[in-house]
2 protein chains.
Amino acid sequence: MNISSAATATGVSAKMIRYYEEIGLIGPVARTESGYRVYAENDVHLLRFVRRARDLGFSIDQIGKLIALWQDRDRASAEVKALALEHIGELRAKITELDAMARTLEHLAANCHGDGRPDCPILEDIAGGSSKTG
Amino acid sequence: MNISSAATATGVSAKMIRYYEEIGLIGPVARTESGYRVYAENDVHLLRFVRRARDLGFSIDQIGKLIALWQDRDRASAEVKALALEHIGELRAKITELDAMARTLEHLAANCHGDGRPDCPILEDIAGGSSKTG
DNA sequence: TATAAAGCTTCCCATGATGGTAAGGTCAAG
DNA sequence: CTTGACCTTACCATCATGGGAAGCTTTATA
């Protein structure tokens, strides 16, 4: 299977497949005599694993660890769980941060006429740097 | 006021102040004869504005528009509000996306023993690519 | 005053994950 | 045997930020 078939089969672009190989996330793959990459079932499984982990928001670095655990028959599930919980913590922290921004803006927007007049609590807040919204 | 005083006064690093100038977000600032940047009160206000807008998650591009509106006495607050609502939409969409990831992982982690055994629904899900969590 | 320390300037590199493009080799179909 | 589709590597761009080097200026100190 060539790289574009592997890309179609896994949802990982050919560009990213080469990148993952370059940075060592996945090992070097087999090549034809002329240098074309050749993907076997195992390689496709691995690429699907990476794709799914990316969809769950894991960083490349975390995915490297997940792959190592996945391929280690003697892993302790505690290690996997710890990695997942760490990532959940990052996600929840980011959500909290974004939600604070959104709530602040929602308060400001609720108090903005949104008509032809120039008065605008949104700009006043950003200019003033205060956090009060009502 | 030199660049590092301006940085301290606004919470924008000297590095970023130069960058904002370079990309045209803020206009070129006054210079001493020897080429050192000199910041007046107005410049400091503008930098604080940028800083606050960044804290609210606006992109550089959006901040450029906010600055233009801020400095336009004849602006319509509707334009500012539209910009804010657009950004709120982006924030809420991102939050929804991250929350879906977090909830999926929380389900998987809840079903993972997290002990010395290798069995792990987290890895099984990522490897299997299915979305079922229970 | 001479010298050292601190601060300024520009320029280049790196991040993380992804996309784009260009130049050149390869393969399959007509 | 040509054409077109596909592969390879190598470089550039994104977005916002930080790091560092080389060289000039200003300030502080002996």
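Residue numbers begin at 1 in each chain, while the letters A, B, ... track the order of the sequences. From a predicted model like this one, the values you see are computed outputs, not experimental measurements.
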Chemist: Choosing from D:dT9, D:dC24, D:dC6, which nucleotide comes nearest the side chain of B:Y36?
Modeler: D:dC24
Chemist: Does any N or O in the side chain of A:R52 come within less than 3.5 Å of the main-chain N or O of B:I126, such that one atom is a donor and the other an acceptor?
Modeler: no
Chemist: Please check: side-chain N/O of A:R31 versus main-chain N/O of A:Y36, any donor-acceptor pairing under 3.5 Å?
Modeler: no
Chemist: What's the CD1-P distance between B:I17 and C:dG7, to the nearest Å?
Modeler: 15 Å
Chemist: What's A:R37 touching, base or sugar-phosphate or nothing? Going by heavy atoms closer than 4.0 Å.
Modeler: sugar-phosphate
Chemist: Ignoring hydrogens and geometry, is there a side-chain-to-backbone donor-acceptor pair from A:Q71 to A:A68 under 3.5 Å?
Modeler: no
Chemist: Let me spell it out: for each of B:E33 and A:N2, pick the nucleotide of DNA chain D with the closest heavy atom. Which residue's pick is nearer the 5' end?
Modeler: A:N2
Chemist: Using whole Å, report how far CZ of B:R31 lies from P of D:dC24.
Modeler: 17 Å
Chemist: Please state how far atom CD in B:E21 lies from atom C1' in C:dT10, giving the value in whole angstrom units.
Modeler: 12 Å
Chemist: Treating Ile, Leu, Val, Met, Phe, Trp and Tyr as nodes and any side-chain heavy-atom pair under 4.5 angstrom as an edge, say whether B:V44 and B:V38 lie in one connected cluster.
Modeler: no
Chemist: Using OP1 and OP2 only, check whether a side-chain N or O of A:S4 sits under 4.0 Å from D:dC7.
Modeler: yes
Chemist: With a 4.0 Å cutoff (strictly under), does any side-chain N or O of B:S34 reach OP1 or OP2 of D:dT26?
Modeler: yes
Chemist: In the 5'-to-3' direction, what one-character label does each nucleotide of nucleotides 10-22 of chain D receive under the scheme B = base within less than 4.0 Å of a protein heavy atom, S = sugar-phosphate only, - = no such atom?
Modeler: B-----BBBBB--
Chemist: Which whole-number value in Å describes the distance from A:I3 CD1 to C:dG25 P?
Modeler: 20 Å
Chemist: What is the distance, to the nearest angstrom, from the OH atom on B:Y39 to the C1' atom on C:dT9?
Modeler: 11 Å
Chemist: Can you check salt bridge (Lys or Arg N to Asp or Glu O under 4.0 Å) on B:D119 and B:R117, steps first, answer last?
Modeler: CA-CA 6 Å; B:D119 317 273; B:R117 286 172 289 175; 5.2 Å; no
Chemist: Is a side-chain N or O of B:R37 found less than 3.5 angstrom from the main chain of B:V29, in a donor-acceptor match?
Modeler: no
